[in-house]
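Okay, so here's the structure we're looking at.
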Amino acid sequence: MRRVLAVLLLLLLTAVPAAAQTVPRTVLALYDGREEPKIKQSRIHSMAEMPLNHLGLTVAYWDVANGLPDPAAYPDLRGVVTWFASEPFEDPAAYVAWLGTVLDRGVRIAVFGQYGVRAARGGKAMPMALVNRFLRHFGLFDDEGYSDLTYRSRAVVQDPALVGFERGLDGVLPGYPRLRLVDGRFTSHLIMRRADDPATDSHLIVTGPSGGLVTEGYARFFDPESLRKRWIIDPFAFFRRVFATDDLPKPDVTTLSGRRMYFSHIDGDGWRNVTEVKPYADQSRIAAEVVLKEAIEAHPGLPVTVAPIVGDLDAAWKGTPQALDVARRLFALPQVEPASHTWTHPFFWGFFKDYDPSKEAEFKDRGATRKGGFLSRFRKSDSDDHYENVGEVAESAPGADIGRYAVPRAFLQAPFDLGQEIGGSLDYFSRLAPDGKPARLIQWPGDTSPFEAAVAETRRVGARNMNGGDTRYDAEYPSLTSVSPVGVPVGGERQIYSATSNENTYTDLWTGRFFGFQNLIHTVRGTETPVRLKPFNVYYHMYSGQKLASINALKKNLAFAEASELAPVTASTYAAIADGFYTTRLVAEGPGRWRVVDRGDLATLRFDRAVFRGVDFGRSVGVIGQRHHQGSLYVALDPAVAEPVVALADIDRADADPAAPRPYLVHGRWALAGLSVGEGGFTARAQGFGPGAMVWRVPGPGRWTVTAERDGRTLWRGAADTDADGRLTVTVAAGAEAPLTLRFAREGR
Amino acid sequence: MRANLLVVVLVLLAGIAVSLLLIPRGSELALQRFRDQEFAPALAAYEARYAQGDRAAGTVMALTRLYLVDGSVDRAIALMEDYVAREPEQLEARELLGTLYRHAQRPFDYLDNLEAIARLKPSDATFRELADAYAYYGEFDRQAEALKRLVALRPDDAEASVDLGQLLAARGRFAEAADTLAAADDRRNGGIEYDGRVLLTSLLLDLDRADEAFRRAERWLSGDPPSYAILSLTGLMMELGRPDHAHRLIARFAERARREPALELTLIDLEIAQGRVEAAQHQLRAWAEGKPIDDASLGRFVALCINAGQTRLAFDVARRRDLHLIPDWALVSLAETAYRGQDRPFLDRLIDELGDTFLAERPLLAGEIAWARGDRDGAARWAGRALADRDSSFAERLSATRLLTRAGHREQAAAAFDRLAPDSRVPDDMLEELGLLFLDLDRVREGLAWFAERRAARPSNGADLGWVRLAARGGDADAVAAWLDARPRLDPGLLQDIASLAAERGAAALALKAAERVYAQAPTPRSRLALANALVAAGRPKDALGHLRAVVAEDPAPDVLALYVTALAGSGEVAELARAVGARLDDPAVGEAEKDQLVQTLIDGRAYRAALPYVRARAETRGMEWVYAYADLAARAGAVGDLVGFLAAALERPGLDPKARDAMAGLLVDTAGPVKALPALKRLADAAPAGPWESLYRETLGKLGRKDELRRHLLARAGDERLPAQDRRGIAFTLLEMGEKAAAEASFRALAAKQGVDGPDVRQLLFLWGPRPGAASLDWLEARARAAPPAEQGAWYDKLAELGGARRVTAALAARGHDGALRGPYIEALANAGKPAELGAAVRAALPGERDPETLRRWARLAEREKQTAVAGEAWRAVLALRPEDAEALRQIGMTAYGEARFADAERALGRLLARSAGDYEANYFMGEALFAQKRPKEAEPYQRRALAQIEAMPNRSDAVRQTEANLLHRLGRIDESAALFDRLLRARPNDRQLRADYAAMLIENRRLKEARHVLGP
């Protein structure tokens, strides 16, 4: 009878009410493809999208060179963002009218920089009435004044919650228009006054019911000398206000089982490079073997995804038995996931979009001399046939646009074949790996800018894809403008970025200061505190095994990871979670309750400003656990439940785990699924790397017996007592690379 | 970025190279291992040497290099820091340390080290790098220092000077900035770049060094400078309050300005700014008449015209051109100028030429224009559009709502205001207008609540200004008074508003306080009058008199005098009042309007006796307004007798306007009473028997109990044909009520004499007569019938026959009863009179001429009723001729034929009937009987069955029906049932011979002779 009731309750809880609404999460980014030909280099993508992603929003891009989009094509539309540098519209009046239509749908608008309505494309000035019609959407009126010389201007209102995020308003300030606030529903976050005359007040940053606007030059500082940027405004706070995200649950890609996620992946570049590291150098060992020994075997609890290049391994190309053997040995390790860095390592993907073998032929001869450039004179290994010239080179290729590269790909022995690069290479490494361990991740090589068909090919063969982004956040890049979003659209496909940069950007493109990668720690720290923005990602190339300084830097990073509280996963797992970020739909089912639909592998929902909110387990389904961290509430979803429902309730205390009528996970190293709670205890499936440290919150005090089982065989048994806070802390000392079952039984029942 | 990285690489490599060079060329083992890349033993060897105190460059550099090889960058830095501490002048070591800091991501250590390098070896590259780095990290004072040193090192680097100047200016160090830029400019003989020139000019003007600014600008603009340089510098000077210098600068280019519109426009602009408006006007007119105004210049040209007071020129120029080329603000100025000038034709033209699009985008302005044009509905319509525009700002909505109130659309304004829903986000500078709107809409209490919340949440001057008028009108007067006390200087307009609002609500103390403030701040006659007003309101008329006497002496305007009089009255100074007013009333120079006002003033001042002759004189000549005033005044002054005499005399006056007569008679009744007024009323009633006075007279008679007099009056009136029928009818009813039935009937007869038979008074007469009128009444009716026009005679005869005069009708129509119009009434009368033979004859005679089937049906029925079967049959056939399928006619013909044993005829008629409908049981029965009679029992059977079924379906059956039923049972062979039914019927009606015969026939037919004998037996 009780089971029947439970099923009924489950049915009731999982039935989507007719009035349920999908919470809109899409922000439409309007950009001018004539001004910013690549989305990756657009202002919105490179600076705004990461904060938007963090706030739970996905970004769809529309090139206004193709006209204006049909808002109806975006049923999930929450907002529009623009960051024009000039005037992109032939008919600005139509754009203003379009904005009106969008606003009528309840969509909010964020405007940075140029409005796009002061003049038509080509320079014809628009009537101020039109400009002001646009500005009225933001409660502003342009009096046609402009303060070019700003030395007598001072901020008389400067909202510290929004202005001065990475850089204060000081020094020589940009000129600004005279914008009067005419709508009291809007809040001014920055008011500049000239010569202490209140009549000159100009409202440069405003937010209100229809969105927000930041005047050109006041969103971020840009140093034209170093090309470095810093935020003036706090983009999180700004977008939070503009797009009203406080009540939006945030699909989270940083956290698993209540802990910061960790993953590591290696691009195979330099696989065959003979190492300089003693004592391996004495035995002419290759870099990949040094990495195997020093970085991977030494850290069995840290998974790593290894993506060789087939051309480096296969004897028909440049492969050697030694290189192939190292790959086999690596793949055999339980913590290693096989992946692919393609077959021939394209450098400049654009070259292959409309591939013409005859255009590539001219590079074949040049391939032999490609290392004879400027940098090679400083390299000891100049004559090393195994050395791969990766990253930037100082020479440019004549006759074809291949960007900064000398050759379009590393191996030119046979014509480019997309199927071979993607599916072919994955098959190759799947065969090389032990049974049941397929390669299912493509790690983009070269400029990490694949064309749409290439990304589509990964999807076609059932693989994930990753790389690019180059996130840095350290003293050298002291701005969140260098922290990338989760991914980037590639036509109708999507490329997932790695979470942090590899060692290339730390070593001047592998030309010096080979110890530089040890500075990864700063980025890792900076993207954790005060707000967790990225998982912990150790991403490097096999050539890190070539130098003593680089292998030591890597070892420092891994040691730091070992000392951190993490939930390690494979790179493909992260890529799948990141894909889930984009597909997730949240269906509101009443106040503080959401159904999570189409989430794929997404494992965590985050609620910000949630110190006094906790999961209402009575109204939730498919929730494994919850944890408060840095003011946010991270809710671990059960992968076994297709459409979990998360309901929140107010809690009284913020200094302890919220009480609940049933056990829940606070945090743990392993990924859990299929949590089942019975009268005497609970069970869950687990998979992970390293010892299974975990903390549960259970109702009532008591002693618990914990067993780990696989295929009916007990692998480990232990016991633990709850502490005064109701926490049950246990470390399961069993390997969980292959899934196992955990049973928690309260003793005395 | 790439360039920077390359620099880093080069510096690092250079550092390493230098360090290698520093290594002694000895043959030590450590060095050898170092060169052989045997790093571990080399490291051990060099660390050992260092531990032994060897701090030589060769050891330190080699060790640093070795630390870098294994990535121990922190150890390398510690080593180098120790070294440079001991060798602070070692530039190369400093540079290597800087590289290490950068690699370790220690930017501020790097910058400190770079400062040291700059001290050791100052270079522009180092200072520039320092300046850029400090700029990036927001260390602006240090950036300024770096730039200063750079400028000192490279004084010819004008870009650095400009950068420094900009930074110093931004840091508020204006003089220093100006000096920096000026020095750079001087060093280059006036050659700093554009940005520097503009900034320097601005700084010099800010520092009151305008002459220097002018001198430098003059130098920069020597020769043939580009136009943008001239325009930017003159524009800046103009903006910063030195149009004189700007004008002097540009005046040198007057000749060139004739060819370059931008220069000429600026020149004109400066002429205006210099007060040389006439010159500007001349230039504008000359331009408009002498050469084309290009599109780019049009907008500014129009604006300058407006600024120069040449609005019409601006409009003339604009009218011929594409208005879209003119900036909005200039267009708005054109419209507003016209609006302010109340130039209606101009506004009309403006609207026409601007077109709907322009106005649609500026509905508020359009509304103001409409208001200016006296178009209140238009103003309201535009205001509505402004409110409906989703893009309208709060301020615009506020203004639009106020426009609605001004246009008199208060309900719409109130609804708009509700939608405005002002909340806490209303900006401070809109609060005063918001408060005024609350006032306009009489939402004082609501406004006070709103402002109470706002002032508590966000106190501001704007909130106070929004609140204070509302509070003066309906809030806490003491709080307003305290607020006033706390603010010694306030706008007199606001104070005046407070005084007026407080006076309106009767908050006399507050009104007085505000008025005293106004008078103290601005002692004008108006404010003095307001003060006097407040004093009067505060119950201090004597205090007010002092002010009022002074004001009256200056301006004895009606409102002033009114207040003066009020004060006089309040002070009991009636004599002074009578004197003051009387003197002016007797002054022939004073116009009549003012005299009227003065008379009113006397009245208001209770100088009734003094006012009486003036008012009576006006009452005699100026109409009822003054008559009323006189009546009122006479009552107050105790001079009612005079008034009665006045009214009586007036009512006697021939040619008196009826309205005035009525009004005065009313006054007479009111003031003199009914008895005294009765003679006058009688005269009025006799003179106008249809007027209101007759009823008043009658009422008065009634009230006074003078019944005989009233009866006589009524009888006389009832026969007075001058009166409208309605009145006479009313009199007849009144007579009825008074029991004068004969007189009433006579009145109704008189009224009915010309009415048709359906006339209201005829109906009333018939009502009075009842269903059987007497002979006299029938005589009257017959007489009306005889005298009636042919078309109405029939109706009169019908009515006569209906009311018992049928024989009179037949007699009257015996000779004429066959005439078309009278045939019907005649036949009806014959039927009513019980003359069947005559009826049959009349019907037969009438049938050929009648084409109305219903009339024929009526006659057929009447003939049937009167047993005139043959005639009835003819009438039914006439019906059938017009309506071949008429069911009733077929049925009746068939039945008649059966009755006359014409079975075939009966079959034809009933057959036609029953072919189209089921018919009734009789039709079926007789059809069956007709067929049966023709020996066709089988054909008869279906009809008989149907007839029986129809009978059985009847809820109640009469004996006749039961008898038919019995017959039918017989016909259908249900003999026993038939016999039983007959038996029951016969027992109930033993004397019914037909029944007995039928019963017996049935029995005999069925050979039940014994029973038949019993039935037929005695």
Side-chain angles (χ1 to χ4, degrees), chain A residues 100 103-104 127-129 132-133 136-137 139 141 144 148-152 167-168 170-173 181-187 195 208 221 223 225-228 230 276 278 378 380 392 394 404 474-476 478 508-509 511-516 518-519 522 547-553 556, chain B residues 1-2 4-6 8-9 12-13 37-40 68-73 102-107 128 132-133 135-138 140 143 163 166-167 169-172 174 177 198-199 202-203 206 236 324 327-329 358 361-362 390-396 422-427 430:
Chain A
L103 285 168
D104 286 343
M128 281 310 289
N132 280 320
R133 182 162 281 270
R136 279 179 191 173
H137 292 320
F141 186 88
E144 291 192 76
D148 199 4
L149 296 171
T150 57
Y151 68 89
R152 298 182 73 202
R167 182 187 169 91
D170 204 344
V172 181
L173 299 178
L181 187 71
V182 291
D183 187 339
R185 296 174 304 161
F186 283 79
T187 302
F221 166 78
D223 178 8
E225 292 297 324
S226 64
L227 307 182
R228 291 196 295 184
R230 297 190 100 173
E276 300 164 17
K278 304 285 185 178
F378 296 91
K380 174 182 175 294
E392 277 188 294
R404 63 198 181 192
D474 50 32
E476 202 173 346
D508 305 329
L509 304 175
T511 59
R513 50 169 177 153
F514 298 106
F515 47 82
Q518 66 192 9
N519 287 319
H522 302 305
K547 304 278 184 186
L548 180 58
S550 56
I551 198 73
N552 282 346
K556 284 181 184 172
Chain B
M1 175 61 109
R2 203 184 307 169
N4 278 5
L5 289 173
L6 195 57
V8 171
V9 171
L12 174 62
L13 294 172
Q37 296 195 21
E38 294 288 344
F39 296 121
L68 291 179
V69 166
D70 79 353
S72 300
V73 66
R102 178 169 280 183
H103 292 168
Q105 299 201 344
R106 290 164 60 174
R128 178 59 76 180
D132 289 346
Y136 183 75
Y137 291 113
F140 297 110
Q143 182 196 5
D163 287 349
Q166 286 176 332
L167 183 59
R171 309 294 293 162
F174 299 157
V198 173
L199 177 59
S202 179
L203 286 165
D206 280 344
L236 190 58
H324 296 98
D328 288 355
W329 70 266
F358 176 85
E361 287 182 357
R362 300 156 183 82
R390 188 196 53 227
D391 296 330
S392 288
S393 66
F394 183 84
E396 287 164 331
D423 59 20
S424 60
R425 293 167 296 187
V426 177
M430 293 177 201

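Convention: sequence-line order gives letters A, B, ...; per-chain numbering from 1. Heavy-atom basis, side chains included; hydrogens, waters and symmetry copies ignored. Since this is a predicted model, take the numbers as computed values, not measurements.
- Residue A:D223 holds its CG atom at 10.5 Å from OH of B:Y137, rounded to the nearest 0.5 Å.
- Residue with the most contacts toward chain A among B:D206, B:L199, B:L236: B:D206 (heavy-atom pairs, distance under 4.5 Å).
- Side-chain contact between B:F140 and A:V172 is absent, with no heavy atoms from C-beta onward closer than 4.5 Å.
- Between B:Y136 and A:R230, some side-chain heavy-atom pair lies under the 4.5 Å cut-off.
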* To do: Go through the steps for B:V198 and A:D148 under the test side chain to side chain contact (heavy atoms under 4.5 Å, CB included), then give the verdict.
  => CA-CA 10 Å; B:V198 173; A:D148 199 4; over 6 Å; no
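- A:G171 approaches B:L167 most closely through the heavy-atom pair CA-CD1, 4.2 Å.
- When the candidates B:P422, B:G172, B:A135, B:A104 are compared by the number of heavy-atom contacts under 4.5 Å with chain A, B:A135 comes out ahead.
- Legend: residues meeting salt bridge (Lys or Arg N to Asp or Glu O under 4.0 Å) with A:D170, ordered by chain and number and at least two apart, are B:R171.
- Contact annotation for A:R167: only side-chain heavy atoms (C-beta onward) come within less than 4.5 Å of a heavy atom of chain B.
- Interatomic distance, OG1 of A:T150 versus CD of B:Q166, reported as 8.5 Å (0.5 Å rounding).
- Distance CG/B:D132 to CZ/A:R228: 10.0 Å, rounded to 0.5 Å.
- Shown here for B:G71 and A:K556, the closest heavy-atom pair between the two residues is O-NZ, 3.5 Å.
- For the set A:G516, A:P478, A:A553, A:A195, the count of heavy-atom pairs under 4.5 angstrom toward chain B peaks at A:P478.
- Within the 4.5 Å cutoff, the side chain of B:V69 has no heavy atoms near those of the A:F514 side chain.
- Neither the backbone nor the side chain of B:D163 comes within less than 4.5 Å of any heavy atom in chain A.
- Contacts between B:A133 and chain A at a heavy-atom distance below 4.5 Å are absent for every atom of the residue.
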* Take A:Q518 and B:V73 through the test side chain to side chain contact (heavy atoms under 4.5 Å, CB included) and record every step on the way to the result. => CA-CA 10 Å; A:Q518 66 192 9; B:V73 66; 3.1 Å; yes
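- Chain B forms more heavy-atom pairs under 4.5 Å with one residue of A:N552, A:L173, A:I551 than with any other, namely A:N552.
- B:H103 and A:N519 get closest at one heavy-atom pair: O-ND2, 2.9 Å.
- At a 4.5 Å heavy-atom cutoff, B:A177 makes no contact with chain A through either its backbone or its side chain.
- The existence of a salt bridge linking A:R136 and B:E396 is confirmed by a sub-4.0 Å separation between a basic side-chain nitrogen and an acidic carboxylate oxygen.
- B:S72 places none of its side-chain heavy atoms less than 4.5 Å from the side chain of A:F515.
- Heavy-atom pairs under 4.5 Å with chain B peak, among A:N132, A:V182, A:D104, at A:V182.
- Side-chain contact between B:L203 and A:L149: absent, with no pair of heavy atoms (C-beta onward) separated by less than 4.5 Å.
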